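Bear in mind that the values here come from a model prediction, so they are computed numbers and not experimental data.
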Amino acid sequence: RLKISIKLYQNSTESRIFSKEAGMTIPQYLREIRLEQAAELLRTGKCNVTEAAFEVGYNSPSHFSQAFCQKLGVCPALYSKSLGPKSKAG
């Protein structure tokens, strides 16, 4: 999906069509996907916050935390703690 989205983003006509159909821009869509994947990693206990940030493509854990808080209404550290202790899968 991400490769398709990147190619669409490079074509302005297709980008406008995508935005109209999806109700968001391609960068917004990609951000949503990345944050949903990060939430899943935290839910399952596969990653801690920093690992989840890097795993989904954020280079800055603080930028990731800010984006996560905006989308989910809770910071990732509190999100993972609210789910209870889980063992980290290796």
Side-chain angles (χ1 to χ4, degrees):
R1 280 198 292 188
L2 295 179
K3 288 182 183 180
I4 293 169
S5 296
I6 290 168
K7 287 183 181 183
L8 284 173
Y9 186 60
Q10 294 171 344
N11 182 311
S12 63
T13 301
E14 291 173 351
S15 180
R16 282 193 297 272
I17 292 169
F18 180 91
S19 295
K20 183 179 178 183
E21 294 296 319
M24 64 181 80
T25 65
I26 292 171
Q28 289 169 332
Y29 173 76
L30 294 175
R31 181 179 174 198
E32 294 281 319
I33 296 295
R34 291 163 67 193
L35 292 172
E36 288 170 11
Q37 289 175 342
E40 178 65 18
L41 291 171
L42 294 171
R43 255 193 311 276
T44 60
K46 291 182 179 178
C47 293
N48 65 35
V49 174
T50 301
E51 292 166 338
F54 289 126
E55 183 69 25
V56 300
Y58 279 84
N59 294 323
S60 164
S62 62
H63 184 237
F64 165 75
S65 288
Q66 182 180 24
F68 194 96
C69 288
Q70 279 183 330
K71 175 171 172 42
L72 294 161
V74 63
C75 293
L78 296 176
Y79 178 83
S80 58
K81 285 180 184 176
S82 71
L83 300 173
K86 299 207 189 282
S87 62
K88 184 179 167 188

- prompt: Do Ile17 and Tyr29 sit in the same hydrophobic cluster, where Ile, Leu, Val, Met, Phe, Trp and Tyr count as joined when their side-chain heavy atoms come under 4.5 Å apart?
  reply: no

task: Looking only at non-hydrogen atoms, find the nearest pair between Ser65 and Val49 and report the distance.
output: OG-CG1, 4.2 Å

message: Ignoring hydrogens, what is the shortest heavy-atom contact between Val56 and Gln37? Give both atom names and the distance.
response: CG1-CB, 3.8 Å

message: Distance check, rounded to the nearest 0.5 Å: Leu78 atom CG versus Leu42 atom CG?
response: 11.5 Å

- line: Output for pair (Glu40 CD, Arg43 CZ), nearest 0.5 Å, gives 4.5 Å

query: Taking all non-hydrogen atoms of both residues, which atom of Phe68 and which atom of Val74 are closest, and how far apart?
result: CD2-O, 3.3 Å

- request: Find out if a path of hydrophobic residues (ILVMFWY) with successive side-chain heavy-atom gaps under 4.5 Å connects Leu72 to Leu41.
  value: yes

message: Run the salt bridge (charged side-chain N to carboxylate O under 4.0 Å, His left out) test against Glu55 and tell me which residues pass, sequence neighbours left out.
response: none

- line: When rounded to the nearest 0.5 Å, the distance separating CG of Asn48 from CZ of Phe54 is 10.0 Å

- prompt: Roughly how far, to the nearest 0.5 Å, is the CD atom of Gln66 from the OG atom of Ser60?
  reply: 9.0 Å

- prompt: Of the non-hydrogen atoms in Ala52 and Phe64, which two are nearest, and what is the gap between them?
  reply: CB-CZ, 4.5 Å

- prompt: So which heavy atom on Cys69 is nearest to which on Pro76, and how close?
  reply: SG-CD, 4.1 Å

task: Considering non-hydrogen atoms only, spot the tightest contact between Glu51 and Lys46 and give its length.
output: OE1-O, 4.3 Å

